[in-house]
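Let me begin by presenting the structure, written as structure tokens, before commenting on it.
Every value quoted in this text rests on a predicted model; they were computed, and no experiment measured them.
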Amino acid sequence: MSLLWAAIARDEIVLAECGEETRGGSVKTLAKKIIRKKPSPGWEHDWSSGLRALKFHVHARGSNGQELVWASCCVYDKDFSELQAKGFLEKLALMTEPLRATPQWLTGGTLAAQDSFAPTLLQRMQQANMQGKTAMVSSKVDEVKHLMAENIELLLERGDKLEVLEDKADTLSKMSRAFQQQAKNAKRFQMWQQAKFGLAVGTAVTVGVGIVVAPPILAVAL
């Protein structure tokens, strides 16, 4: 019962990862599937025999206005607590926020942050495997909800821009404008329901730093 693989990605580019293949290729295969899942306001899930995978998204804009999707991902045993897996990924999303503004993370290619971040990633994964469920819960729920709220508004804004391009030649009546706003509100509610469904009770707490060792790479990014 443990986390088997973890990674941080920008869009579908894996910046850092760690893990070992102990299931005859199943971990690597599931890791690739979860990386390629379409971004959502919050959580994405996948599974295979005896394994589970999770991905938590953070939607953002670069300095030039480009849309970016950051993802914290993991593959774990089916008997490992999903609550712990979610707490682990939420913690990664929060602790990597300052790094996401650096050139290495914004423009770097595959495994660009492997040397600098993979040791930390391995430490956090080992801590999650050693600690009980209670130790993984903290008071970061509001911060995670804030991330999800920003995700939803960015996705809705992107939808609005597409509608403007498609319908710029048309003049909307007051009734159609009201309907559009109602539809947008309904969409926001639906997205929040999706995000809340997967929201963990809390996020992993930061504990003591262990000895830094070279993390094993599963080569999912290749």
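Of all non-hydrogen atoms in L121 and A16, the two that sit nearest each other are CD2-O, 4.0 Å. Taking all atoms of both residues into account, the shortest heavy-atom contact from A7 to V14 is CB-CG1, 4.1 Å. The two residues C18 and M125 come nearest to each other via the heavy atoms SG-CE, 3.8 Å. When all heavy atoms of A53 and Y76 are compared, the closest pair comes out as N-CE2, 4.2 Å. The two residues W5 and V27 have their closest heavy-atom pair at CB-CG1, 3.9 Å. The nearest pair of heavy atoms linking S72 to L89 is O-CD1, 3.5 Å.
In this structure a side-chain-to-backbone donor-acceptor pair under 3.5 Å is present from R100 to A93. Without hydrogens or angle criteria, R10 side chain to G108 main chain gives a donor-acceptor distance under 3.5 Å. In this structure, the side chain of Q114 engages the main chain of E17 through a donor-acceptor pair within 3.5 Å. Checked by atom type and distance alone, the side chain of E21 pairs as donor or acceptor with a backbone atom of R23 at under 3.5 Å. Although no hydrogens or angles enter the test, the distance criterion places no donor-acceptor pair under 3.5 Å between the side chain of Q104 and the main chain of A113. Under the 3.5 Å distance criterion, the side-chain polar atoms of K55 are left unmatched by any main-chain donor or acceptor of E44.
To the nearest 0.5 Å, atom NE2 of residue H45 and atom CG of residue L54 are 5.0 Å apart. Here the CG atom belonging to L51 is positioned 6.5 Å from the CG atom belonging to D77, to the nearest 0.5 angstrom. With rounding to the nearest 0.5 Å, the separation of CD in Q127 from CG in L122 is 9.5 Å. In this structure, F88 CZ and N129 CG are separated by 8.5 Å, a value rounded to the nearest 0.5 Å. Note that CZ of R61 and CD of E67 are 5.0 Å apart. Values are rounded to the nearest 0.5 Å. The line from CH2 of W70 to CD1 of I13 is 9.0 Å long, rounded to the nearest 0.5 Å.
Exactly one residue among Q84, E90, E82 makes a side-chain hydrogen bond (donor to acceptor under 3.5 Å, both in side chains) with K86. That residue is E82.
Salt bridge R36/D46: absent, no basic N to carboxylate O contact under 4.0 Å.
Using cut-offs of 30° and 60° for the angle between ring planes, the W43 and F56 rings count as tilted.
Inter-residue side-chain proximity for F117 and L15 is flagged as unmet; no heavy-atom pair is nearer than 4.5 Å.
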